[in-house]
Each structure stands twice: as C-alpha cells, then as structure tokens.
2 protein chains.
Amino acid sequence: MILKSQVEWALHCCAILAGLPEGRYLSTKALAEFHGLPKEYLSKALQSLSQAGLVHTTLGPSGGYRLAKAPAELTFLEIVEAVEGRSRTFVCTNIRANNPCRAPGYCEETPCAVARIMWEADEAWRDKLRSVRLSDLIEILSQEIPSDLLKRSFAWVLERAG
Amino acid sequence: MILKSQVEWALHCCAILAGLPEGRYLSTKALAEFHGLPKEYLSKALQSLSQAGLVHTTLGPSGGYRLAKAPAELTFLEIVEAVEGRSRTFVCTNIRANNPCRAPGYCEETPCAVARIMWEADEAWRDKLRSVRLSDLIEILSQEIPSDLLKRSFAWVLERAG
DNA sequence: ATATTAAGGATAACAAATATCCCTATTTTT
DNA sequence: AAAAATAGGGATATTTGTTATCCTTAATAT
Ligand code: FES
Ligand code: FES
C-alpha cells in the first residue's frame, strides 16, 4: 500500500505556490521544470487540486495556478485527499457474511468490529494530516533550506510567474 | 491507496485461531471454507503470518495453524504488517533534488520536511494499530455476535481442528 | 503405504498507477 | 485580428502491484 507519487508532487507544488506574490500565477510547465517532473502527468495532479477548490487557475500566456486560500488555512489532509481520494485504506468485503453457521436470512446491523478498528487507524492518520497546515511546512522549510538556495528559488519562480 | 484484502482475511483468521483450544490446529482448508475465501490464495496470507512468527504450524493430517502467542500479546499492527509489509505508505522520491537552483554538488543532510510530516501520519496510524490487541477484538466480537451463532461457529471450528 | 498438510515456486488474470498524446476553449500578447 | 500560451480533459499505452490458480516438495498422522 503506497500513496501515489502525485501526493509528493502536489505538496511540493503547494509549497512553491505559497511563496507566490498576491495575484500572480505559476504554470504547470514551470512547476514541472522546477521539480523535474513529467509536465503532462503533473498536470493531472494540479487538475485534482483545482477540482478540489484548493487552487485558482487562469488560462492563456501568463496563466497557471495560485493558492485559493492562505497557507494557514490549507491543511495537508486537503492536499493529500485532493489527489489521493477520500476513500478509506481498509476496505471490508464483509467476509463474516460467508460464515457457514449463520442463519440464512441473517443480516448484521453494525459494521464488523475488525473494520471499525482499521477505520479508527485511518482516522488517526487523517487527524494527523489535518493538524498540519501548509504554513507550518513553509515555516520549517524556510528554516531548513539554506537562505541562498531559498533566494535563488524565489527568484527563479518570480521570473516565470505570470 | 488500499490495503490488501489479505489484511481483512488475516485479522479474521487470527480471531478464529484465538478461539482454538490449547494445542489444536486449524487448516487452511477450514479457514478458507469458514470465510468463503480462495484456499490457495488465503494460504499465502497464512504463510506471511507464519514467516512473521505470529502462528505455529504443523504438517500432515490434523495439521494447520495455531497462534504463537496469547491473544493479549498479539497486536493488530503485527498482523497487518505481516501481510502488508513494514514499508511506509509515503515514498519520497526526493524531487527537491531536481531544483534547478541548487548548487551542483549540494546534498541534503536530513529527509525532506514534507516526507517527515507524512511519515508522522504513518506513525500515528501504526500507533493506533499497535494499541489494539487481538484480545480486545475477541472481547468486542463475543459481545456483538449473537451467542447462538458464536456457539455454532465454535463447534464448527472444533469439529475440524486437528 | 496412503492421505493430508504447509511451504513455496511459477505463472496467469486483473486492476491500478504512471505516463504520453492530442484536441478544445480561453486568454494574453503581438 | 492573428498568434502563442495556457488549463482541462479524453483516449490510450506502459508499467507495476494485487489477486488468483496450479503444481511440486517435504513432513506428518493414520
Ligand atoms: S467482515 Fe470485513 S472486516 Fe470483518
Ligand atoms: S523531496 Fe520527497 S517529500 Fe520532499
């Protein structure tokens, strides 16, 4: 069970978009080049962010993406779920219903206890991702990344932002 | 991102094995029939449990599986990891290394902050599963499952336990 | 001896993730 | 008005992982 690589892409793209000045947009082309990713396929991830309402887009030259909310209002969970989907990692196929000892018409009221426990673990994962905001990431990155690299990256983005 | 269906199978099989009297064994055939699962493929899941040391096996007629530990000493995490593997759900492909602004020989010391946060969420998921013991499940099931069905199921298993 | 079992290798069928290509509508630039 | 660049999305390969079956081998009980 491995998350799509698009999750890593989307999170890093949002981190870049968070540094974009008000009202400017950054294109798929620039984001793909910056991260060394296949432009066409990255585009699908960005479309997912767009459909989830996390980013705004404009068309034409100087078009592209910008965040739809402030980084402090955008959680990891929203970004991850936008590209990975909102379904649970544990899927119950109700194998308990195959128990040969069950009465023919018998039907359970509640979900299986096994599934409920697995879903609680899923919820713990979601809770953790919900507790981290994009602004938290930005803060960590701005401390960890050497300031000259940070500056050059900002400049690189600004050159290409429409 | 969806867990293997074998996870559901393994958890239910362990729940059945937990009800087995001391020193008795239950075969793949019986476990597959009880849960309505493909015998040969379920066998792979049970082999995973065996390789992880969670169950004991014996060969020959009246052979099969029994738990290697008391249900109170067996966690959900152990069972899930036995069949699903121990790798993280988030894989970092280090796309930050593709940043065109980086100095040629530059190499990061620490894992990317994005990955660290995603791994913390993984850890929260694991923590939850580690906190639930097989004995906890047994307790819930014995309360929820109608006692006559419970009795018939026990009898069904005992008839086939070697 | 015979029957039954777990273990494991080989392989096929199927589904999902990854990736590319191409077309359309929109918008900016020229 | 024309041209260029963009997001969006449909179609379609390619690759990988999951699901499933088959078969052989070694061990064990009857
Ligand atoms: S029947 Fe699906 S988890 Fe129990
Ligand atoms: S480079 Fe992989 S998560 Fe940041």
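Here is the naming used below: chain letters follow the sequence lines, and residue numbers restart at 1 for every chain.
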| request: Please list, by residue number, the residues of residues 14-39 of chain B whose heavy atoms come closer than 4.0 Å to an atom of DNA chain D; answer none if no residue qualifies. | output: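 Residues of residues 14-39 of chain B that come under 4.0 Å of DNA chain D are, in numerical order, B/P38.
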| So, A/S142 side chain and A/I138 main chain: donor-acceptor pair closer than 3.5 Å or not? |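 Checking the backbone N and O of A/I138 against the side chain of A/S142, a donor-acceptor pair under 3.5 Å is found.
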| said: Judged by each residue's nearest nucleotide on DNA chain C, which is more toward the 5′ side, A/W9 or B/G64? | reply: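 Checking each residue's closest nucleotide, the 5'-ward one belongs to B/G64.
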| message | Between A/Y41 and A/G60, which residue's closest nucleotide on DNA chain C lies nearer the 5′ terminus? | response |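 The residue whose closest nucleotide sits nearer the 5' end is A/Y41.
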Under the salt bridge (Lys or Arg N to Asp or Glu O under 4.0 Å) test, residues paired with [X] that sit two or more places apart:
X	result
B/R126	B/E81
A/D127	A/R130
B/R133	none

| request: Check the surroundings of atom CD in B/E22: do more than 12 heavy atoms from other residues, nucleotides or ligands lie under 6.0 Å from it? | output: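 Not buried by this count: 12 neighbours or fewer within 6.0 Å.
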| said: Heavy-atom count check: over 12 atoms from other residues, nucleotides or ligands less than 6.0 Å from B/E139 CD? | reply: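 Counting neighbours around CD of B/E139, 12 or fewer heavy atoms of other residues, nucleotides or ligands fall under 6.0 Å, so no.
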| task | For A/T89, check side chain to side chain donor-acceptor pair (under 3.5 Å) against everything at least two apart and list the hits. | result |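 Once residues adjacent in sequence are excluded, the partners of A/T89 under the side chain to side chain donor-acceptor pair (under 3.5 Å) criterion are A/D122.
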Mind listing the side-chain donor-acceptor pairs of residues 5-18 of chain B below 3.5 Å, one per line with the distance, residues two or more places apart or on another chain?
residue : atom : partner : partner atom : Å
B/E8    : OE1  : A/T93   : N            : 3.0
B/E8    : OE1  : A/T93   : OG1          : 2.7
B/E8    : OE2  : A/T93   : N            : 3.1
B/E8    : OE2  : A/N94   : N            : 3.3
B/W9    : NE1  : B/S5    : O            : 3.4

| field | Connected hydrophobic set around B/V91, excluding itself, where side chains approach under 4.5 Å | value |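 Members alongside B/V91: A/I2.
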| said: Taking salt bridge (charged side-chain N to carboxylate O under 4.0 Å, His left out) as the cut-off, I'd like each qualifying pair that reaches into residues 34-61 of chain B, sequence neighbours left out, listed once. | reply: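 For residues 34-61 of chain B: none.
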| Between B/V55 and B/L46, is any pair of side-chain heavy atoms under 4.5 Å apart? |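 They are not in contact (no side-chain heavy atoms under 4.5 Å apart), so the answer is no.
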| In B/S/- notation, 5' to 3', how is nucleotides 8-17 of chain D contacted by protein heavy atoms closer than 4.0 Å? | BBB-------
Could you pull out all donor-acceptor pairs under 3.5 Å where a side-chain atom in residues 143-151 of chain B meets a protein atom, sequence neighbours excluded?
residue : atom : partner : partner atom : Å
B/E144  : OE1  : A/R116  : NH1          : 3.1
B/E144  : OE2  : A/R116  : NH1          : 2.9
B/E144  : OE2  : A/R116  : NH2          : 2.6

| message | Between B/Q47 and B/S43, do the side chains contain a donor N or O and an acceptor N or O under 3.5 Å apart? | response |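 Per modelled atom types, B/S43 and B/Q47 side chains form a pair under 3.5 Å.
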| Can you give the first and last nucleotides of DNA chain C, 5' to 3', that have an atom under 4.0 Å from a heavy atom of chain B? |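 That gives a stretch of C/dA3 to C/dA17.
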| message | I need the residues from residues 80-94 of chain B with at least one non-hydrogen atom less than 4.0 Å from DNA chain C; give them sorted by number, or say none. | response |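 Heavy-atom contacts with DNA chain C come from no residue of residues 80-94 of chain B; none.
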| request: Quick one: label A/G162 by what it contacts on the DNA or RNA (base, sugar-phosphate, nothing), any heavy atom closer than 4.0 Å. | output: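 Nothing: the residue A/G162, judged by heavy atoms under 4.0 Å, touches no strand.
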